[in-house]
Structure formats: structure tokens, C-alpha cells
**Q** 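Have a look at the structure that comes next, please.
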Amino acid sequence: MQRMTTTKQLQQAITNGLLEVTKAECSYKSSKQIGELSKETFMDNLAFINESGIFSGFIDWHYDKILSEKDVYIADSGAMNPYTDTIVTVYLRMNDNATDEEIQKALLFEESED
């Protein structure tokens, strides 16, 4: 079951050493073309979006654990948004010292009453 997360939460889970990017892709719904992004490009763009401030709470990110592979998560943005043609997908591996509970706590978006 996919859960929502934010740009900020995704970046923090990676920079805090819970998850490591193994692969990033950019695909297009209309043409079904898929292009691979380097890990550095993905991280640079994620940091840029997060640093803009306005998009750090962006919640179009969805994530899930891949059950067929040990310690692998997948996160995407745009797949469930009918107003965009672009989908960014990132494959993440759990670091050795991380637990599923820590990752869920770091990634899971919960609305606040603010």
C-alpha cells in the first residue's frame, strides 16, 4: 500500500543515512519513454526543490516497500497526479543500521492540525 511523504521527509531519510538511492528514473505517461537520472542529479534536484522552501512540504511523493526484494523501497512523484505527464521514480535501499520502523517514522506524512 503506497503512503504519502513530502520532499523534505524523503531528502532527510536519505541524508540522515536511513536510505540510499540506488537508481532514479524520469518517465513520461504519454510516450512511455524512460530515462535514467544519475544519483547525483536526483539528489541535487531534490535538494534544490527542498531548499526553495515552498515545495519542501510537497506531498505528491508516494512510497512503498518492495516486498519481493529485501530492504528495497520505491518512491515516485507524478504517477497519481492526472495533471502531469512526468513521473520521477527513485529506488532506495535500506542502510544496514536502519530499521523499517525508523524509515516509516521518517517518511510517513501525517497532517497536522496547524
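Since the model is a prediction, treat every value here as computed from it, not as a measurement.
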**Q** Let's go through Lys65 and Val72 carefully: what are the C-alpha distance in whole Å and the side-chain angles of both, what is the deciding distance for side-chain contact (heavy atoms from CB on, under 4.5 Å) to 0.1 Å, and is it a yes or a no?
**A** CA-CA 6 Å; Lys65 185 170 185 179; Val72 177; over 6 Å; no
**Q** If you look at every heavy atom in Ala98 and Ile103, which pair is closest and at what distance?
**A** CB-CD1, 4.4 Å
**Q** Check whether the side chains of Asp85 and Ser30 place a donor and an acceptor atom closer than 3.5 Å, and report yes or no.
**A** yes
**Q** Is it the case that the side chain of Asp71 and the backbone of Arg93 share a donor-acceptor pair, with hydrogens and angles ignored and the cut-off at 3.5 Å?
**A**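 Absent.
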**Q** How many angstroms lie between OG1 in Thr6 and CG in Leu108, if you round to the nearest 0.5 Å?
**A**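 With rounding to 0.5 Å, OG1 (Thr6) is 10.5 Å from CG (Leu108).
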**Q** With rounding to the nearest 0.5 Å, note down the distance linking CG in Asp76 to CD1 in Ile87.
**A**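 Going from the CG atom of Asp76 to the CD1 atom of Ile87 covers 7.0 Å.
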**Q** For the residue pair Tyr28 and Ile34, establish whether any side-chain heavy-atom pair is separated by less than 4.5 Å.
**A**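 Sidechains of Ile34 and Tyr28: no contact.
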**Q** Checking Asp100 against Met94 for the side-chain contact (heavy atoms from CB on, under 4.5 Å) test, could you report, in this order, the C-alpha distance in whole Å, the side-chain angles of both residues, the deciding distance, and whether it holds?
**A** CA-CA 8 Å; Asp100 283 319; Met94 224 168 85; 3.3 Å; yes
**Q** Which pairs pass salt bridge (charged side-chain N to carboxylate O under 4.0 Å, His left out) with one or both residues in residues 1-29, sequence neighbours excluded?
**A**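 Qualifying pairs, neighbours excluded: Lys23-Glu25.
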**Q** Indicate the atoms forming the closest heavy-atom contact of Gly17 with Asn97, along with that distance.
**A**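 Closest approach of Gly17 to Asn97, heavy atoms only: O-OD1, 3.9 Å.
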**Q** Quick check against the 3.5 Å criterion: does Thr5 have a side-chain atom that pairs as donor or acceptor with the backbone of Phe109?
**A**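 Looks like no, no N/O pair under 3.5 Å.
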**Q** Please confirm whether the backbone N or O of Asn81 pairs with a side-chain atom of Thr84, one donor and one acceptor, at under 3.5 Å?
**A**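 Checking the backbone N and O of Asn81 against the side chain of Thr84, no donor-acceptor pair under 3.5 Å is found.
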**Q** To check you understand the geometry: which heavy-atom pair defines the closest contact between Ser52 and Ile49, and what is its length?
**A** OG-O, 2.6 Å
**Q** Hey, is the main chain of Trp61 close enough, under 3.5 Å, to the side chain of Ser77 for a donor-acceptor pair?
**A** no
**Q** To the closest 0.5 Å, what do you measure between CG (Asn50) and CG (Leu10)?
**A** 9.5 Å
**Q** Could you tell me if the side chain of Leu19 sits less than 4.5 Å from the side chain of Asn95, heavy atoms only?
**A**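 No; the side chains remain at least 4.5 Å from each other.
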**Q** Within a strict 4.5 Å, meaning less than it, do heavy atoms of the Ile74 and Leu92 side chains meet?
**A** no
**Q** With rounding to the nearest 0.5 Å, note down the distance linking CG in Asn16 to CD in Gln11.
**A** 9.5 Å
**Q** Give me the atom names and distance for the closest heavy-atom approach of Asp60 to Gly78.
**A**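 Between these two residues, the closest heavy atoms are OD2-N, 3.0 Å.
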**Q** Can you tell me how far CD of Gln33 sits from SG of Cys26, rounded to the nearest 0.5 angstrom?
**A**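 Reported to 0.5 Å precision, the distance equals 10.0 Å.
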**Q** Can you confirm whether the side chains of Gln2 and Asp64 place a donor and an acceptor under 3.5 Å from each other?
**A** no
**Q** I'd like to check Val21 versus Ile14 (side-chain heavy atoms, cut-off strictly below 4.5 Å). Are they in contact?
**A**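 Side-chain contact under 4.5 Å: yes.
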**Q** Verify the distance criterion only: is there a donor paired with an acceptor across the side chains of Gln12 and Thr15 at less than 3.5 Å?
**A** no
**Q** Distance from Lys105 atom NZ to Gln9 atom CD, nearest 0.5 Å?
**A** 12.0 Å
**Q** Between Thr7 and Leu46, does the side-chain contact (heavy atoms from CB on, under 4.5 Å) criterion hold? Intermediate values first, please.
**A** CA-CA 7 Å; Thr7 302; Leu46 189 67; 3.6 Å; yes
**Q** Taking the six-membered ring for Trp, are Tyr63 and Tyr73 parallel (under 30°), tilted (30 to 60°) or perpendicular (over 60°)?
**A** tilted
